[in-house]
Protein chains: 2
Amino acid sequence: MKSLSIKDIAVKANVSITTVSFIINGKAKEKSISEAVIEKVEKIIAESGYKPNQIARSLRTGNSNIIGLIIEDISNSFFSRIARLIEDKAYKRGYKIIYSSTENSVDKAKELINMFKSRKVDAYIISPIKGIEEDIQMLMNDGNPVILFDRNLPDISTSYVGADHFNASYQSIKNFIDQGKKNIALVTIDINVAQITERLEGYKKALEDSGIEYNEDLVLKIHFNQEENETIAQIQKLLQHKAVDAVLFATNYLAISGLKALKQIDKKIGDDFAVIAYDDHEAFELHTPRISAIQQPLEEIAETIIKMILNQLSSKAKLPAEEVIIPARLVLRD
Amino acid sequence: MKSLSIKDIAVKANVSITTVSFIINGKAKEKSISEAVIEKVEKIIAESGYKPNQIARSLRTGNSNIIGLIIEDISNSFFSRIARLIEDKAYKRGYKIIYSSTENSVDKAKELINMFKSRKVDAYIISPIKGIEEDIQMLMNDGNPVILFDRNLPDISTSYVGADHFNASYQSIKNFIDQGKKNIALVTIDINVAQITERLEGYKKALEDSGIEYNEDLVLKIHFNQEENETIAQIQKLLQHKAVDAVLFATNYLAISGLKALKQIDKKIGDDFAVIAYDDHEAFELHTPRISAIQQPLEEIAETIIKMILNQLSSKAKLPAEEVIIPARLVLRD
DNA sequence: CTGAAAGCGCTTACAG
DNA sequence: CTGAAAGCGCTTACAG
């Protein structure tokens with residue numbers, strides 16, 4: 001079944017499509033269409049249930065009112081929660097979101113960028129990976145608003161919104177030290193991206209500032225894509241071997257593996273052994289004992305991203321890149 | 001900066017845009033374009049990085065290669081995991097996903113359907129709510145493929161994919177009974193949708209088949225939108241008052257509230273008190289003791305949805321509605 | 001106060 | 001073997 005076009009409405013109302021278009025786009029007053037005509041046309045539109053074809057509109061105007069969201073994995077709760085907030089805020093401003101997951105693949109990420117490009121999305125929100133700098137630069141050269149989040153790419157100058165990973169990590173370690181911990185371990189992953197390396201830097205700096213020597217044996221770098229069982233085994237080895245009295249897990253899934261590891265070797269969290277997880281998780285509140293965690297301010301991150309996008313969208317001139325670093329919050333439990 | 005159009009390529013190659021179009025769309029052979037021309041054009045396309053404008057293509061052909069996904073809330077892990085799987089499978093077949101969350105609002109759901117309609121999405125995947133039957137019926141009348149999942153709408157005849165909630169619930173209660181439980185409670189929500197009421201029906205039937213009388217006092221219907229604290233308090237009241245020796249939680253977030261409730265009143269899960277949660281959650285594996293759960297086969301659900309969509313998309317004729325009910329799995333822990 | 005016409009970037013039936 | 005032209009459904013500069 002064919003849907004109605006602006007022409008059908010024009011014929012029914014006995015006016016030109018120009019007039020209908022003006023009315024649909026709220027330019028009736030400005031174009032001084034008579035009240036009578038406006039009413040007649042609006043009535044017909046309402047009765048017929050006519051909806052303008054956005055595809056045609058996009059082709060003509062050059063914008064789609066769609067924002068492309070490129071993330072690592074929508075099923076990761078950090079991203080799905082951000083996606084939800086972004087969707088919500090964008091929706092209120094008349095924008096829709098089209099998303100895709102990169103699965104940490106450079107090829108897929110490049111493909112997605114091309115795909116979004118050919119779909120003429122109005123703006124890009126990207127949680128990037130190394131290796132797509134050139135593609136992003138091209139996007140910006142073409143005048144597209146681009147906001148990176150979660151992870152930054154140091155080699156290009158892009159607008160960026162993210163949490164202050166360095167400080168959050170620093171504060172967590174400081175907290176351990178203030179509790180009198182001496183052998184503080186870090187369990188992290190072996191990928192070389194800023195949001196992860198900053199957590200290591202914060203760890204190192206906090207130790208240094210307290211006069212504790214950095215001990216490489218206390219830092220476990222888990223291989224990014226390995227089986228969870230392997231991860232659990234490595235964590236157990238770390239915790240059994242040493243007089244470790246505190247651990248910072250650099251991601252929430254590492255913390256979850258870590259908690260499983262502890263359970264298996266029956267090592268208890270308590271006065272003589274403390275744990276903090278980077279990025280909160282529902283399981284932490286429920287765990288016995290409850291697990292302390294660093295919370296990224298998702299709401300604020302999403303709001304900042306959307307604000308920057310809208311700013312760039314509404315200014316004809318190209319805005320300079322802007323970096324917003326938002327403090328993360330250490331939530332101590334039990 | 002303007003991006004290249006098919007015309008630019010045609011001019012550069014010194015051929016007509018018709019020829020370029022045929023080559024782009026793999027119809028060169030069929031239209032018997034000479035090898036020399038094909039090579040020349042392909043070279044120019046590759047060098048220039050030209051990507052066809054999908055908007056123009058959509059306007060012309062009437063399809064967008066976009067599938068609209070309408071769900072309750074992308075940040076709910078059940079939906080985000082399904083979304084991930086659907087995205088993946090759709091992507092491999094050349095389709096993109098555009099999603100939006102309804103937040104259980106009828107108005108928003110209707111708005112989303114209209115929005116997707118005006119964007120000319122090729123197909124709809126919807127986790128519906130009551131009150132949008134008419135809108136969905138119209139979609140189908142217009143010849144759009146529509147697949148409902150998770151929840152069905154009994155009043156219209158639509159293709160549907162979902163887990164066998166009745167049986168999963170039935171098996172869980174049977175399992176309690178086989179363990180010798182006598183006072184089995186059900187904590188559910190008060191919304192009147194099939195996927196929830198079926199869980200209650202399964203509960204009732206299992207009791208009946210075992211000759212246990214149904215006791216209304218053991219069924220707690222939580223108000224859908226209330227504060228979690230209120231929920232926790234109600235669960236505590238249920239569990240303190242009665243000789244309850246087993247509980248089935250009808251959703252995973254109810255189970256999480258329930259576990260918090262138990263923790264506060266220090267009621268232990270063990271030989272004399274058993275718990276099962278509907279829909280698994282990472283926290284359950286980690287909990288002490290580990291919590292048994294019903295797992296919906298997400299992979300299978302996603303795969304079935306995509307298969308049905310592609311079937312409908314590739315058949316010119318309207319296919320009859322098809323319902324696929326997939327067994328859920330009870331995972332017993334500890 | 002209103003309309004005829006060009007054009008956005010494609011695809012495709014038709015013609016040669 | 002290849003191209004001119006119509007048309008998808010809009011918006012908007014221009015004209016009256």
Side-chain angles (χ1 to χ4, degrees), chain A residues 1-42 44-45 48-66 117-122 142, chain B residues 1-42 44-45 48-66 117-122 142:
Chain A
M1 207 168 96
K2 288 273 292 117
S3 48
L4 294 166
S5 77
I6 193 169
K7 201 173 164 191
D8 298 319
I9 304 296
V11 168
K12 274 194 204 177
N14 211 10
V15 295
S16 75
I17 59 171
T18 306
T19 301
V20 178
S21 175
F22 286 154
I23 293 172
I24 290 170
N25 292 297
K27 294 190 181 163
K29 290 267 175 279
E30 176 189 330
K31 299 289 177 180
S32 38
I33 311 280
S34 69
E35 264 310 325
V37 170
I38 298 181
E39 265 180 40
K40 181 172 62 174
V41 171
E42 282 182 340
I44 292 175
I45 291 177
S48 64
Y50 164 70
K51 302 282 168 201
N53 181 325
Q54 296 295 339
I55 301 276
R57 189 177 263 178
S58 292
L59 180 59
R60 182 53 228 250
T61 62
N63 43 48
S64 58
N65 282 313
I66 292 185
K117 212 185 209 165
S118 70
R119 285 246 142 67
K120 307 290 167 195
V121 305
D122 290 348
D142 289 355
Chain B
M1 206 170 95
K2 288 272 293 115
S3 49
L4 293 166
S5 76
I6 193 169
K7 200 172 164 190
D8 298 319
I9 304 298
V11 169
K12 273 193 206 179
N14 210 10
V15 296
S16 73
I17 59 171
T18 305
T19 302
V20 178
S21 175
F22 287 153
I23 293 172
I24 290 169
N25 293 297
K27 295 190 181 163
K29 291 267 174 281
E30 177 187 331
K31 300 290 178 179
S32 35
I33 311 280
S34 69
E35 264 310 324
V37 171
I38 298 181
E39 265 178 40
K40 181 172 61 176
V41 171
E42 283 181 341
I44 292 175
I45 290 176
S48 63
Y50 164 70
K51 301 282 169 201
N53 181 326
Q54 296 294 339
I55 301 276
R57 189 177 263 180
S58 291
L59 181 59
R60 181 54 228 248
T61 62
N63 44 49
S64 58
N65 282 313
I66 292 185
K117 212 185 207 167
S118 71
R119 285 246 142 65
K120 308 289 167 196
V121 305
D122 290 348
D142 290 355

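FYI, side chains are in, hydrogens and waters are out, and symmetry mates aren't considered; it's all heavy atoms of this structure. Naming: A, B, ... by sequence-line order, numbering from 1 per chain.
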Original post:
With respect to the phosphate group of C/dC10, does any side-chain polar atom (N or O) of B/Tyr50 fall under 4.0 Å of OP1 or OP2?
Top reply: yes
Original post:
OP1 or OP2 of D/dG9 sitting under 4.0 Å from any side-chain N/O of A/Ser5?
Top reply: no
**OP:** Map B/Ile55 and B/Lys27 onto DNA chain C by nearest heavy atom, then report which one ends up closer to the 5' terminus.
**Re:** B/Ile55
**OP:** Using the side-chain contact (heavy atoms from CB on, under 4.5 Å) rule, take A/Arg57 and A/Ile24 through it: C-alpha gap first, then chi angles, then the decisive distance, then the call.
**Re:** CA-CA 12 Å; A/Arg57 189 177 263 178; A/Ile24 290 170; 3.5 Å; yes
Original post:
According to the Watson-Crick and G-U wobble definitions, with both distances under 3.5 Å, which nucleotide is paired to C/dA4?
Top reply: none
Original post:
Considering Watson-Crick and G-U wobble pairs with both distances under 3.5 Å, what does D/dA13 pair with?
Top reply: none
Can you tell which of [options] lies closest to the side chain of [X]?
X: B/Val37; options: C/dC10, D/dT2, D/dT12; answer: D/dT2
X: A/Ile6; options: C/dG3, D/dC10, C/dC10; answer: D/dC10
X: A/Thr18; options: C/dA5, D/dC10, C/dT2; answer: C/dA5
X: A/Arg60; options: C/dA13, D/dT12, C/dG9; answer: D/dT12
X: A/Thr19; options: C/dG3, D/dT11, D/dC8; answer: C/dG3
X: B/Leu59; options: D/dC8, C/dG3, C/dT11; answer: D/dC8

Rounded interatomic separation in angstrom, taking [atom1] from [X] and [atom2] from [N]:
X: A/Leu4; N: D/dC8; atom1: CG; atom2: C1'; answer: 15 Å
X: B/Asn53; N: D/dC10; atom1: CG; atom2: P; answer: 17 Å
X: B/Phe22; N: D/dC1; atom1: CZ; atom2: C1'; answer: 11 Å
X: B/Arg57; N: D/dG9; atom1: CZ; atom2: P; answer: 18 Å
X: A/Arg119; N: C/dG9; atom1: CZ; atom2: P; answer: 17 Å
X: B/Ile33; N: C/dT12; atom1: CD1; atom2: P; answer: 14 Å
X: A/Ile23; N: C/dC1; atom1: CD1; atom2: P; answer: 13 Å
X: A/Ile17; N: C/dA5; atom1: CD1; atom2: C1'; answer: 9 Å

Original post:
Can A/Asn65 and B/Arg119 be said to form a side-chain contact (heavy atoms from CB on, under 4.5 Å), step by step?
Top reply: CA-CA 11 Å; A/Asn65 282 313; B/Arg119 285 246 142 65; 3.8 Å; yes
Original post:
Distance-only, no hydrogens or angles: does the B/Asn25 side chain make a donor-acceptor pair with backbone N or O of B/Lys27 under 3.5 Å?
Top reply: no
Original post:
Given the rule in the side-chain contact (heavy atoms from CB on, under 4.5 Å) test, do B/Lys120 and B/Ser58 qualify, once you have shown the distances and angles that lead to the verdict?
Top reply: CA-CA 8 Å; B/Lys120 308 289 167 196; B/Ser58 291; over 6 Å; no
Original post:
Does any donor-acceptor pair link the side chain of B/Ser21 with the base of C/dT12 at a separation under 3.5 Å?
Top reply: no
Original post:
Hey, are B/Thr19 and B/Ser16 close enough side-chain-wise for a donor-acceptor pair under 3.5 Å?
Top reply: yes
